[in-house]
Amino acid sequence: MNAAIPFREPAIAFREDLKLAGLLGLLGALATVALFPYLLLIMPEAFARLSIPLSIVIPIQAAQAGLLLTLLSFCGLRMGHRVGLGAPWLRSRLTGRTCARQPWISALLLGMSAGLLILALDPLFAPYMPAAIRPQAPTVASASALAGFLASFYGAIAEELQLRLFVMTLLAWLLVRFAPGWSTPLRFWLAIILAAALFGAGHLPAAAQIWPLDAVVLARTLVLNGVGGLVFGWYFWKHGLESAMLAHFGTDLVLHVFAPLVMA
């Protein structure tokens, strides 16, 4: 996936990128809809204060997310030609061209392994965590697992479009442009690590709803989410966006589906 492609692509590549970005944006919009049961479960008081019916809020949010993710996907796909990053399997489905065999099973299993590692690391932070400022309300395990399953599509699709297809590709593109003397593995690993750090930082607002943001909460959020971010970034580099999405889905299945059922 990391073989550079000439920066100036023909018009046909532009049209392919536009179609593929539209498809990815649509998937992101659907994933946004699927996220709402989880949001209703973890912060019901926020939705109770809404003056607009959910039947209106959900389509508006989905449309906004779809438009934003379409734009980010298009930018990521365009930059990806220069650094050899993209969505090879989906592109092959749209164009009819052949694609290298994708490691679907290994991506899912390694993603699930990352989820188990995150669960194993979490107790290391527990003794030092501050008291919760807004304890989470108890939920029925089956309801939590179902909502977590639906939310896993948002993580696997929307978050990967933002953090891997756009952010990591942008970082790799900048490093190719401004650090041409660096080795390819160094550039990509730096892009992977930075994108993983930003992925962790993106979860800080959610953590701040539960705990005060002290050093331990900051470290926990960055480390635990960074574990997944490194795995997803590596798969994106080596095999493409689809494998990164599947790895992310596997991690979220462990954290948001299996864990609620087992720990109930």
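The analysis underlying the following values was restricted to heavy atoms, covering all of them including side chains, and did not include hydrogens, waters or symmetry mates.
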Visitor: Just verifying a value: how many Å separate Thr95 OG1 and Arg15 CZ, rounded to the nearest 0.5 Å?
Guide: 13.0 Å
Visitor: How far apart are the C-alpha atoms of Leu85 and Trp173, what are their side-chain angles, what is the distance that settles it, and do they pass the side chain to side chain contact (heavy atoms under 4.5 Å, CB included) test?
Guide: CA-CA 10 Å; Leu85 295 173; Trp173 183 85; over 6 Å; no
Visitor: Answer yes or no: is there a side-chain heavy-atom contact under 4.5 Å between Val217 and Asp214?
Guide: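 The answer is yes, as the side chains (C-beta and beyond) meet within the 4.5 Å cut-off.
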Visitor: Report whether Val167 and Leu71 are members of the same hydrophobic cluster (ILVMFWY, side-chain heavy atoms less than 4.5 Å apart, transitive linking).
Guide: no
Visitor: Give a yes or no on whether Leu146 and Met263 share a hydrophobic cluster (residues Ile, Leu, Val, Met, Phe, Trp, Tyr; joining criterion: side-chain heavy atoms under 4.5 Å apart).
Guide: no
Visitor: With sequence neighbours excluded, what pairs up with Ser106 under the side-chain hydrogen bond (donor to acceptor under 3.5 Å, both in side chains) test?
Guide: Tyr235
Visitor: Please walk me through it: do Leu121 and Leu224 pass side chain to side chain contact (heavy atoms under 4.5 Å, CB included)?
Guide: CA-CA 7 Å; Leu121 291 174; Leu224 297 187; 3.7 Å; yes
Visitor: Determine whether Met168 and Leu163 make a side-chain contact, defined as any pair of heavy atoms from C-beta on separated by less than 4.5 Å.
Guide: no
Visitor: Salt bridge (Lys or Arg N to Asp or Glu O under 4.0 Å): which pairs involve residues 27-55, sequence neighbours left out?
Guide: Glu45-Arg134
Visitor: Considering residues at least two apart in sequence or located in another chain, which fulfil the ring-ring contact (aromatic ring centres under 6.0 Å, His included) criterion with Phe74?
Guide: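 ring-ring contact (aromatic ring centres under 6.0 Å, His included) list for Phe74, sorted by chain: Phe14.
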Visitor: The criterion is side-chain hydrogen bond (donor to acceptor under 3.5 Å, both in side chains); which residues satisfy it with Arg97, sequence neighbours excluded?
Guide: Glu16
Visitor: With the side chain counted from C-beta on, respond yes when Val83 and Thr169 share a heavy-atom pair under 4.5 Å apart, and no when they do not.
Guide: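 Answer yes - side chains close enough.
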Visitor: Sort and list the pairs that fulfil salt bridge (Lys or Arg N to Asp or Glu O under 4.0 Å) and have at least one residue in residues 178-188, not counting sequence neighbours.
Guide: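 Not a single pair qualifies under salt bridge (Lys or Arg N to Asp or Glu O under 4.0 Å).
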Visitor: Rounded to the nearest 0.5 Å, how far does CG of Leu161 lie from CG of Leu241?
Guide: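 Rounded to the nearest 0.5 Å, the CG-CG separation comes to 6.0 Å.
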Visitor: Please collect all side-chain hydrogen bond (donor to acceptor under 3.5 Å, both in side chains) contacts where either partner lies in residues 150-159, sequence neighbours excluded, each pair once.
Guide: Glu159-His248
Visitor: Show me the donor-acceptor pairs, under 3.5 Å and distance only, between side chains in residues 194-211 and residues at least two apart or in other chains.
Guide:
{"residue": "His203", "atom": "ND1", "partner": "Phe199", "partner atom": "O", "Å": "2.8"}

Visitor: Could you see if Phe249 belongs to whatever hydrophobic cluster contains Ile105? Use Ile, Leu, Val, Met, Phe, Trp, Tyr and a side-chain cutoff under 4.5 Å.
Guide: no
Visitor: Scan for salt bridge (Lys or Arg N to Asp or Glu O under 4.0 Å) pairs involving residues 239-253, sequence neighbours excluded, and state none if there are none.
Guide: none
Visitor: State, to 0.1 Å, how close Gly111 and Thr251 come at their nearest heavy-atom pair, and which atoms those are.
Guide: O-OG1, 2.6 Å
Visitor: My understanding is that only residues two or more places apart in sequence, or in another chain, count here; which of them pass side-chain hydrogen bond (donor to acceptor under 3.5 Å, both in side chains) with Asp122?
Guide: Arg220
Visitor: When you compare the side chain of His256 with that of Tyr38, does any pair of heavy atoms fall below 4.5 Å?
Guide: yes
Visitor: Taking the side chain as every heavy atom from C-beta outward, state whether Leu165 and Leu77 have any pair of such atoms under 4.5 Å apart.
Guide: yes
Visitor: Within the 4.5 Å heavy-atom criterion, are Ile192 and Trp189 side-chain neighbours or not?
Guide: yes
Visitor: Which pairs, with at least one residue in residues 86-122 and sequence neighbours excluded, count as a ring-ring contact (aromatic ring centres under 6.0 Å, His included)?
Guide: Trp89-Trp104
Visitor: Within a radius of less than 6.0 Å around CZ of Phe47, do more than 12 heavy atoms belonging to other residues, nucleotides or ligands occur?
Guide: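 Yes, because the 6.0 Å sphere around CZ of Phe47 holds more than 12 heavy atoms from other groups.
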Visitor: Return the CD1 to OG1 distance between Ile60 and Thr32, rounded to the nearest 0.5 Å.
Guide: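 Reported value, rounded in 0.5 Å steps: 13.5 Å.
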Visitor: Taking Leu110 as the starting point, is it possible to reach Phe258 by hopping between hydrophobic residues whose side chains are less than 4.5 Å apart?
Guide: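 Yes; Leu110 is reachable from Phe258 via cluster members.
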Visitor: Can you list every salt bridge (Lys or Arg N to Asp or Glu O under 4.0 Å) pair that touches residues 139-154, not counting sequence neighbours?
Guide: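 The answer is none; no pair qualifies.
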Visitor: Same cluster or not: are Val57 and Met43 linked, directly or through other Ile, Leu, Val, Met, Phe, Trp or Tyr residues, by side-chain heavy atoms under 4.5 angstrom apart?
Guide: yes
Visitor: Is it true that a side-chain atom of Gln162 and a backbone atom of Ala158 form a donor plus acceptor pair closer than 3.5 Å?
Guide: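 Judged by distance alone, yes, a pair lies under 3.5 Å.
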Visitor: Just how far is it from atom CD1 of Ile58 to atom CG of Leu40, taken to the nearest 0.5 Å?
Guide: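 Rounded to the nearest 0.5 Å, the CD1-CG separation comes to 7.0 Å.
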Visitor: Would you mind listing the cluster partners of Leu67? Hydrophobic ones only (ILVMFWY), side-chain contacts under 4.5 Å, chaining allowed.
Guide: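 Reading the cluster by chain and number, Leu67 sits alone, since nothing else belongs.
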Visitor: So do Leu27 and Met245 actually touch side chain to side chain, heavy atoms under 4.5 Å?
Guide: no
Visitor: Do the side chains of Leu94 and Leu20 get nearer than 4.5 Å, heavy atoms only?
Guide: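 Contact flag for Leu20/Leu94 side chains = yes.
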